[in-house]
Amino acid sequence: MPKQYWLVKQEPTKYPWSQLVKDKKTYWDGVRNYQARNNLQAMKKGDLVLYYHSVVGTEVVGVCEVVRESYQDPTTDDERWVVVDLAAKKALKRPVTLAEIKEDDALADMALVKQSRLSVMPVTKAEFDRILKLGSKAA
DNA sequence: GCCAACGTTGGC
DNA sequence: GCCAACGTTGGC
């Protein structure tokens, strides 16, 4: 099974990338949307996940790795919802903003742009590589 | 802070 | 099973 790529959104006022770096890893709770839930369940250990700051910043700031596959969300008794464990892997040298993504021919069709309300979404390898490339330029 | 987009709920 | 009303998310 080839490695898959994902993007998760979080508001930095709630749980910023810097907090994930400090914590080393976290469980990704609070998903209450079926499409996002299905994506969480499809994540495999070792998959790489872009970390996007929504609302404040609106930019991709880092990469994390799935370290535990989906399990029952510990913050609710409702069996419908799951979490995965994510570990911070590396920060981008500089953030890749939503504005840049929209302007980039290779990225403008991302679910991030098309479906702004989805909080967990798959990303193609081409899109993933492209964002890493943009994010590796000097600040 | 406003508003558009979209998911969910509930009445019929 | 359809659709209107409502709530939430997220960009600006």
Side-chain angles (χ1 to χ4, degrees):
Chain A
M1 185 74 137
K3 190 171 287 191
Q4 297 178 94
Y5 301 90
W6 309 92
L7 181 146
V8 294
K9 280 187 196 177
Q10 184 56 276
E11 297 187 29
T13 48
K14 292 180 181 160
Y15 193 89
W17 168 255
S18 58
Q19 186 65 43
L20 177 58
V21 170
K22 205 179 293 175
D23 293 343
K24 301 280 199 298
K25 71 167 195 172
T26 188
Y27 56 83
W28 204 256
D29 68 333
V31 169
R32 297 291 182 268
N33 167 289
Y34 290 110
Q35 214 180 332
R37 192 275 314 266
N38 292 343
N39 289 331
L40 279 184
Q41 285 177 328
M43 286 186 186
K44 297 293 177 197
K45 199 173 171 184
D47 284 357
L48 295 177
V49 183
L50 295 169
Y51 199 101
Y52 174 81
H53 278 172
S54 65
V55 183
V56 181
T58 63
E59 56 198 11
V60 178
V61 290
V63 180
C64 30
E65 182 177 344
V66 177
V67 292
R68 183 174 171 191
E69 293 172 17
S70 63
Y71 57 99
Q72 166 70 36
D73 187 335
T75 64
T76 176
D77 290 333
D78 192 329
E79 292 176 358
R80 292 177 297 171
W81 307 117
V82 300
V83 299
V84 297
D85 285 0
L86 295 179
K89 192 167 173 71
K90 68 167 187 175
L92 297 181
K93 276 203 182 107
R94 66 174 192 91
V96 177
T97 64
L98 181 61
E100 279 181 277
I101 288 170
K102 283 181 173 173
E103 283 171 14
D104 194 296
D105 287 342
L107 300 175
D109 286 336
M110 283 181 69
L112 179 66
V113 179
K114 293 279 176 77
Q115 250 184 298
S116 65
R117 297 193 50 197
L118 186 60
S119 59
V120 181
M121 67 190 78
V123 171
T124 67
K125 183 173 193 311
E127 289 163 349
F128 183 88
D129 289 345
R130 177 74 181 150
I131 287 177
L132 284 205
K133 192 178 172 196
L134 289 174
S136 66
K137 289 180 186 168

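Just so we're on the same page: letters track the sequence lines, and every chain starts at 1. The shown structure was predicted, so the numbers you read here are calculated from the model rather than taken from an experiment.
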Dump the pairs, protein N or O against N or O of nucleotides 2-6 of chain C, anything under 3.5 Å, distances to one decimal.
none

| query | Counting only non-hydrogen atoms, which of residues 30-39 of chain A are less than 4.0 Å from DNA chain B? | reply |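 Per residue number, the list reads A:Asn33, A:Tyr34.
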| At what distance, to the nearest 0.5 angstrom, does CH2 of A:Trp28 lie from CG of A:Leu40? |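 It is 9.5 Å, given to the nearest 0.5 Å.
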Using a 3.5 Å distance criterion without hydrogens, assess whether the side chain of [X] forms a donor-acceptor pair with backbone atoms of [Y].
X	Y	result
A:Asn39	A:Val120	yes
A:Gln72	A:Asp78	yes
A:Glu65	A:Ala87	no

| said: Can you list everything that forms a side-chain contact (heavy atoms from CB on, under 4.5 Å) with A:Tyr34? Sequence neighbours excluded, please. | reply: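 Residues passing side-chain contact (heavy atoms from CB on, under 4.5 Å) with A:Tyr34: A:Arg37, A:Arg80, A:Trp81.
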| query | Between A:Lys125 and A:Asp129, does a salt bridge (charged side-chain N to carboxylate O under 4.0 Å, His left out) hold up when you go through it step by step? | reply | CA-CA 6 Å; A:Lys125 183 173 193 311; A:Asp129 289 345; 2.7 Å; yes
Give every donor-acceptor pair under 3.5 Å between a side-chain atom in residues 95-108 of chain A and any protein atom, sequence neighbours left out.
| residue | atom | partner | partner atom | Å |
| --- | --- | --- | --- | --- |
| A:Thr97 | OG1 | A:Glu100 | N | 3.2 |
| A:Thr97 | OG1 | A:Glu100 | OE1 | 3.4 |
| A:Glu100 | OE1 | A:Arg94 | NH1 | 3.3 |
| A:Glu100 | OE1 | A:Thr97 | N | 3.1 |
| A:Glu100 | OE2 | A:Arg94 | NH2 | 3.0 |
| A:Asp104 | OD1 | A:Ala106 | N | 2.8 |
| A:Asp104 | OD1 | A:Arg130 | NE | 3.3 |
| A:Asp104 | OD2 | A:Arg130 | NE | 2.8 |
| A:Asp104 | OD2 | A:Arg130 | NH2 | 2.5 |

| query | Around atom CG of A:Asp77, are there more than 12 heavy atoms of other residues, nucleotides or ligands at under 6.0 Å? | reply |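 Counting neighbours around CG of A:Asp77, 12 or fewer heavy atoms of other residues, nucleotides or ligands fall under 6.0 Å, so no.
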Pairs under 3.5 angstrom, nitrogen or oxygen only, protein versus nucleotides 10-12 of chain C, please.
| residue | atom | partner | partner atom | Å |
| --- | --- | --- | --- | --- |
| C:dG11 | OP1 | A:Tyr52 | OH | 3.0 |
| C:dG11 | OP2 | A:Val55 | N | 3.0 |
| C:dC12 | OP1 | A:Lys102 | NZ | 2.6 |

| Going by atom types alone, do A:Asp73 and A:Tyr27 pair a side-chain donor with an acceptor below 3.5 Å? |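 Side chains of A:Asp73 and A:Tyr27: no pair found under 3.5 Å.
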| query | Which residue pairs pass the side chain to side chain donor-acceptor pair (under 3.5 Å) test with at least one member in residues 51-61 of chain A, sequence neighbours excluded? | reply |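 Listed once each, the pairs would be none.
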| query | When you match A:Arg80 and A:Lys114 each to their closest nucleotide on DNA chain B, which lands nearer the 5' end? | reply |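 Between the two, 5'-proximity favours A:Lys114.
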